[in-house]
Number of protein chains: 2
Amino acid sequence: MNRLTLTNQVCFPLYALSRQVTAHYRPLLEQLDLTYPQYLVMLLLWETDNQSVSAIGDRLLLDSGTLTPLLKRLEQKELVSRTRNMADERQVSIQLTDTGRALREQAATVPEQLQQRLQLTDQQAISLRDQLVTLLNQLTNE
Amino acid sequence: MNRLTLTNQVCFPLYALSRQVTAHYRPLLEQLDLTYPQYLVMLLLWETDNQSVSAIGDRLLLDSGTLTPLLKRLEQKELVSRTRNMADERQVSIQLTDTGRALREQAATVPEQLQQRLQLTDQQAISLRDQLVTLLNQLTNE
DNA sequence: GTTTATTTAATTGTACACAATTTAATTGTA
DNA sequence: TACAATTAAATTGTGTACAATTAAATAAAC
């Protein structure tokens with residue numbers, strides 16, 4: 001097998017599918033005035049409010065170079081507040097505003113709407129997710 | 001199940017894994033002075049030389065807004081040439097230079113090196129790839 | 001055959017990603 | 001306690017992504 005072709009590599013389908021799935025999120029998230037990475041940050045904060053930039057970065061595998069401007073945009077939309085941590089002035093605490101918390105209800109239907117758009121059964125979705133998570137853990141715990 | 005969490009969605013593992021895998025390519029591609037998307041374009045051209053911008057875009061699912069500046073960078077590195085198609089002046093033909101063709105040999109070991117880095121067996125890689133490709137085709141043939 | 005519609009790249013503007021560096025705060029250590 | 005090492009964000013710079021628009025060439029319709 002000639003591996004030096006597009007379709008014979010794992011990475012291209014991964015790269016292309018990731019972008020296609022994000023594209024399917026886009027019209028749904030547009031209604032919330034969120035980009036996909038912004039949505040991921042909001043998901044994290046809805047789960048656990050009041051996290052530092054690096055704590056968010058650890059979960060999303062993003063650094064401050066990406067997160068700082070992104071968080072400033074969420075702040076401009078008044079979805080989060082950014083305040084220096086009193087106990088450790090190096091850290092910046094990200095907290096949901098009332099508007100940010102309220103957005104959660106509007107976002108509640110996004111996952112099922114997406115699954116419909118992707119035409120995935122629960123089984124397919126869970127199976128694929130588990131495989132991806134396994135490989136992801138393999139790569140990040142090195 | 002509460003779907004409105006990070007790990008319970010298919011898309012985040014896909015997004016994160018794609019970036020992690022690309023990160024594993026990076027040190028290998030750095031030796032070729034290529035970014036990952038640039039590498040994808042080179043893979044296409046090594047397979048079939050002399051393609052239009054839109055033909056490349058159809059395969060990679062990228063538009064001219066992404067490809068035009070990327071191809072100009074490949075041109076600056078003297079890996080490709082960009083010339084208006086004589087038969088249809090709207091199109092720009094992308095052709096490998098001698099340097100571009102020669103790079104193929106240096107790139108030959110990238111796939112196996114990557115597979116080693118990812119610690120994937122052939123079976124795992126093929127199985128995952130096939131699932132991703134199936135879903136990708138599902139999403140793009142709509 | 002001219003006008004209209006479509007196609008192809010390029011351009012403009014916004015928002016990630018990420019490497020590398022900088023700045024400030026905290027921790028560890030002699 | 002000073003001082004070096006580490007940590008956390010921010011900053012700077014490059015390179016994608018992608019929506020929206022523009023400009024030029026070709027195709028289609030009348």
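Because the structure is predicted, anything quoted here is derived from the model rather than measured.
Taking the six-membered ring where tryptophan is involved, the planes of Tyr25(B) and Tyr39(B) are tilted, since the angle between them lies from 30° to 60°.
For Leu61(A) and dA19(C), the CG to P distance is 12 Å, given to the nearest whole Å. As rounded to whole Å, 12 Å separates atom C1' of dT16(D) from atom CG of Leu71(B). Put simply, CZ on Arg26(B) is 12 Å from P on dA17(C), counting in whole angstrom units. Between Tyr25(B) atom OH and dC18(C) atom C1' there is a gap of 19 Å when expressed in whole angstrom units. For Tyr39(B) and dG15(D), the OH to C1' distance is 19 Å, given to the nearest whole Å. With rounding to whole Å, Leu29(B) atom CG is found 13 Å from dA19(C) atom P. In this entry the distance linking CD1 of Ile56(B) with P of dT16(D) reads 13 Å, nearest Å. Nucleotide dG15(D) holds its P atom 12 Å from the CG atom of Leu34(B), rounded to whole Å.
Between Tyr15(A) and the phosphate of dA17(D), there is a side-chain N or O to OP1/OP2 separation shorter than 4.0 Å. Arg19(A) has no side-chain polar atom (N or O) that falls below the 4.0 Å cut-off from OP1 or OP2 of dT16(D). For Ser54(A), no side-chain nitrogen or oxygen approaches OP1 or OP2 of dT7(D) to under 4.0 Å. Listed pair Thr68(B) / dA10(C) meets the phosphate criterion, a side-chain N or O lying under 4.0 Å from OP1 or OP2. Under 4.0 angstrom from either OP1 or OP2 of dT11(C) there lies at least one side-chain N or O belonging to Lys72(B).
Using a 4.5 Å cut-off on side-chain heavy atoms (C-beta onward), Arg26(A) and Glu30(A) make contact.
Across all strands shown, Arg73(B) has heavy atoms under 4.0 Å from base atoms, whether or not it also approaches the sugar-phosphate. Counting non-hydrogen atoms under 4.0 angstrom, Ser64(B) reaches a base of the nucleic acid. Counting non-hydrogen atoms under 4.0 angstrom, Thr35(B) reaches the backbone sugars and phosphates but no base. Backbone-only engagement by Leu70(A) is indicated by non-hydrogen atom pairs under 4.0 Å involving sugar-phosphate atoms exclusively. Using a 4.0 Å heavy-atom criterion, one finds that Ser52(B) contacts the sugar-phosphate atoms exclusively.
Sequence order on DNA chain C of the closest nucleotides to Glu30(B) and Gln38(A) puts Gln38(A) first from the 5' end. Of the residues near DNA chain D, Tyr36(B) and Asp63(A), the one whose nearest nucleotide (by heavy atom distance) lies more toward the 5' end is Asp63(A).
Salt-bridge formation is detected for the pair Glu75(B)/Arg82(B): a Lys NZ or Arg NE/NH1/NH2 atom is positioned less than 4.0 Å from an Asp or Glu carboxylate oxygen.
For dA5(C), the paired nucleotide is dT26(D), the pair qualifying as Watson-Crick or G-U wobble because both relevant distances are below 3.5 Å. Base pairing annotation: dA30(C) forms a Watson-Crick or G-U wobble pair with dT1(D), both donor-acceptor distances under 3.5 Å. The nucleotide dT14(D) finds its pairing partner in dA17(C), both defining distances of the Watson-Crick or G-U wobble pair being shorter than 3.5 Å.
The structure places CD of Gln20(A) at 6.5 Å from CG of Leu136(B), a figure rounded to the nearest 0.5 Å. Rounding to the nearest 0.5 Å gives a distance of 7.5 Å between CZ of Phe12(B) and CZ of Arg59(A).
Between the side chains of Asp122(A) and Gln115(A), at least one donor-acceptor pair of N or O atoms lies under 3.5 Å.
Near DNA chain C, meaning a heavy atom under 4.0 Å away, the residues from residues 82-91 of chain B are Arg82(B), Arg84(B), Arg90(B), Gln91(B).
Each of Val41(A), Asp49(A), Leu74(A) was scored for a side chain to side chain contact (heavy atoms under 4.5 Å, CB included) with Val80(A), with one residue passing: Leu74(A). Tested against Thr109(A) for a side chain to side chain contact (heavy atoms under 4.5 Å, CB included), the candidates Glu112(A), Glu105(A), Gln106(A) yield a single pass: Glu112(A).
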